**Student:** 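First the structure, then my questions, so here it is.
Not measured: the values here are computed from a predicted model.
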Amino acid sequence: MTYRIAFMGTPEFALPALAALIEAGHEIACVYTQPPRRAGRGKMARATPVHAFAAINNIEVRHPESLRGAAEQAEFAALDLDLAVVVAYGLILPKPILEAPRHGCLNIHASLLPRWRGAAPIQRAILAGDEETGVTIMRMDAGLDTGPMLMQERVAMGPDTDAAELHDTLALLGARMIVAALDGLEAGTLAETPQPDAGVTYAAKIDKAETRIDWTRPAAALERQVNAFSPAPGAWFELGGERVKVLSAEARTGEGAPGTVLDGRLTVACGEGALRLLGLQPAGKTAMAAESFLRGRAVPKGTVLA
């Protein structure tokens with residue numbers, strides 16, 4: 001059996017799920033995504049990744065600023081949907097939207113709910129030093145990621161797991177799981193489990209202030225910060241008034257005043273231990289290894305990074 005679906009998503013994370021639903025033969029009646037935003041040096045309006053993908057596949061795209069209006073809700077209901085699949089969409093779904101499809105709205109969420117409900121579960125899991133995360137398929141309700149769980153799979157995390165790697169792993173996992181969930185829905189084997197009250201945490205949206213490196217913090221915490229924000233928005237420091245992103249780093253032993261370069265390999269003293277900088281991106285330039293960075297700019301031992 002195939003389902004008539006509205007797909008509601010915005011970033012690249014949602015693309016594998018949309019592609020998998022198409023490949024499985026489900027009918028994508030419409031795609032909902034965020035409106036085009038002005039970006040880049042020319043400030044040209046840029047369609048979201050999901051919008052661009054849908055257009056290539058000749059799928060109708062809608063990008064309302066809100067779904068709270070009666071007209072938008074009526075247009076959604078008129079699609080006569082079996083269900084909606086929601087992946088990092090970015091808009092609150094009001095009750096009339098949640099109730100319009102015959103089988104409701106299913107969400108692909110990049111965490112092991114109820115841990116890390118909210119906007120930035122991948123980054124928050126890395127920042128917290130979690131040893132595992134995963135994907136939850138849930139039936140949406142009026143709360144923030146509070147609906148009953150339909151499927152859940154776990155993924156191990158290590159100290160060198162960064163946001164880019166985890167993003168891709170969970171996106172592909174979510175795509176596989178949503179197809180399996182719809183198979184289970186058809187077979188009548190998809191069981192709903194309420195989320196437990198214990199273990200609830202919230203993954204707040206990343207604030208720009210969180211991305212600046214504070215060398216007084218422990219090296220292990222800074223390593224997680226670098227991993228959580230790599231490649232974007234990027235953890236950063238200042239050298240000679242210039243902002244430099246750190247794309248990869250590892251905690252090492254070492255002592256010194258926080259922010260002080262301890263050797264010729266960009267090992268920097270922290271509040272506890274030291275951080276070896278491995279991958280860097282100066283403002284306006286491409287990413288490079290620390291060795292390449294040092295060939296273009298001397299950073300001798302004793303230099304203090306801000």
**Student:** If you draw a 6.0 Å radius around CD in E23, do more than 12 non-hydrogen atoms from other residues or ligands fall strictly inside?
**Tutor:** no

**Student:** How about F293 and L266: do any of their side-chain heavy atoms sit closer than 4.5 Å?
**Tutor:** yes

**Student:** Using a cut-off of 6.0 Å, state whether more than 12 heavy atoms not belonging to R62 lie near its atom CZ.
**Tutor:** yes

**Student:** Any non-hydrogen side-chain atom of L173 less than 4.5 Å from a side-chain atom of R176?
**Tutor:** yes

**Student:** Verify the cluster assignment for V87 and L166: are they in a single hydrophobic cluster under the rule of side-chain heavy atoms below 4.5 Å apart?
**Tutor:** yes

**Student:** If hydrophobic clusters are built by linking Ile, Leu, Val, Met, Phe, Trp and Tyr wherever their side-chain heavy atoms come under 4.5 Å apart, do M151 and L83 end up in the same one?
**Tutor:** yes

**Student:** Should M177 and M8 be regarded as members of a common hydrophobic cluster, given that ILVMFWY residues are connected when their side-chain heavy atoms come within less than 4.5 Å of each other, either directly or indirectly?
**Tutor:** no

**Student:** Minimum heavy-atom separation for A219 to L275, with atom names?
**Tutor:** O-CD1, 3.8 Å

**Student:** When you check the gap from the basic side-chain N to the acidic O, do D82 and R102 get nearer than 4.0 Å?
**Tutor:** yes

**Student:** Can you name the nearest heavy-atom pair linking T133 to M157, along with the distance?
**Tutor:** CG2-SD, 3.5 Å

**Student:** Are any of the side-chain heavy atoms of Q123 and E210 separated by less than 4.5 Å?
**Tutor:** no

**Student:** Identify, with sequence neighbours excluded, every residue that meets side chain to side chain contact (heavy atoms under 4.5 Å, CB included) alongside V304.
**Tutor:** T260

**Student:** Thinking salt bridges, do E65 and R37 make one under a 4.0 Å N-O criterion?
**Tutor:** yes

**Student:** Does D197 CG have over 12 foreign heavy atoms under 6.0 Å away?
**Tutor:** no

**Student:** Going by heavy atoms in the side chains, are V31 and H51 under 4.5 Å from each other?
**Tutor:** no

**Student:** Within a radius of less than 6.0 Å around CD of E131, do more than 12 heavy atoms belonging to other residues, nucleotides or ligands occur?
**Tutor:** no

**Student:** So which atom in D141 and which in T146 form the shortest heavy-atom distance, rounded to 0.1 Å?
**Tutor:** OD1-OG1, 2.6 Å

**Student:** Give a yes or no answer on whether the side chain of R124 reaches the backbone of A204 with a donor-acceptor pair at less than 3.5 Å.
**Tutor:** yes

**Student:** Give the table of side-chain donor-acceptor pairs shorter than 3.5 Å for residues 279-288, with sequence neighbours excluded, one pair per line with atom names and distance.
**Tutor:**
residue, atom, partner, partner atom, Å
Q281, NE2, K285, O, 2.9

**Student:** Is it possible for you to say whether L21 and I108 belong to one hydrophobic cluster, with membership spreading through side-chain heavy-atom contacts below 4.5 Å?
**Tutor:** yes

**Student:** Sequence neighbours excluded and cut-off under 3.5 Å, please list the side-chain donor-acceptor pairs for residues 11-19, or say none.
**Tutor:**
none

**Student:** Can you establish whether the number of heavy atoms outside I92 located under 6.0 Å from its atom CD1 is more than 12?
**Tutor:** no

**Student:** Under 3.5 Å, sequence neighbours excluded: what are the donor-acceptor pairs made by side chains of residues 69-76?
**Tutor:**
residue, atom, partner, partner atom, Å
Q73, NE2, L67, O, 3.0
Q73, NE2, R68, O, 3.2

**Student:** Going by heavy atoms in the side chains, are D263 and K301 under 4.5 Å from each other?
**Tutor:** no

**Student:** Step by step, work out the side-chain contact (heavy atoms from CB on, under 4.5 Å) result for E242 and R297.
**Tutor:** CA-CA 12 Å; E242 178 185 9; R297 180 169 191 169; 2.5 Å; yes

**Student:** Which side-chain N or O atoms in residues 228-240 pair as donor and acceptor under 3.5 Å with protein atoms at least two apart or in another chain?
**Tutor:**
residue, atom, partner, partner atom, Å
S230, OG, L247, O, 2.8
W236, NE1, T211, OG1, 3.0

**Student:** Flag yes if more than 12 heavy atoms outside E255 fall under 6.0 Å of its CD atom; otherwise flag no.
**Tutor:** no

**Student:** Connecting only ILVMFWY residues whose side-chain heavy atoms lie within less than 4.5 Å of each other, what is the rest of W116's hydrophobic cluster?
**Tutor:** none

**Student:** Take H109 and V135, measure what side-chain contact (heavy atoms from CB on, under 4.5 Å) needs, and give me the verdict at the end.
**Tutor:** CA-CA 6 Å; H109 188 75; V135 170; over 6 Å; no

**Student:** Taking C-beta and beyond as the side chain, do L106 and L182 meet within less than 4.5 Å on heavy atoms?
**Tutor:** yes

**Student:** Looking at E153 and G134, would you say the former's side chain and the latter's main chain have a donor-acceptor pair under 3.5 Å?
**Tutor:** no

**Student:** Are V268 and I213 close enough that some pair of their side-chain heavy atoms sits under 4.5 Å apart?
**Tutor:** no

**Student:** Less than 4.0 angstrom from a charged side-chain N to a carboxylate O is my criterion; do R276 and E250 meet it?
**Tutor:** no

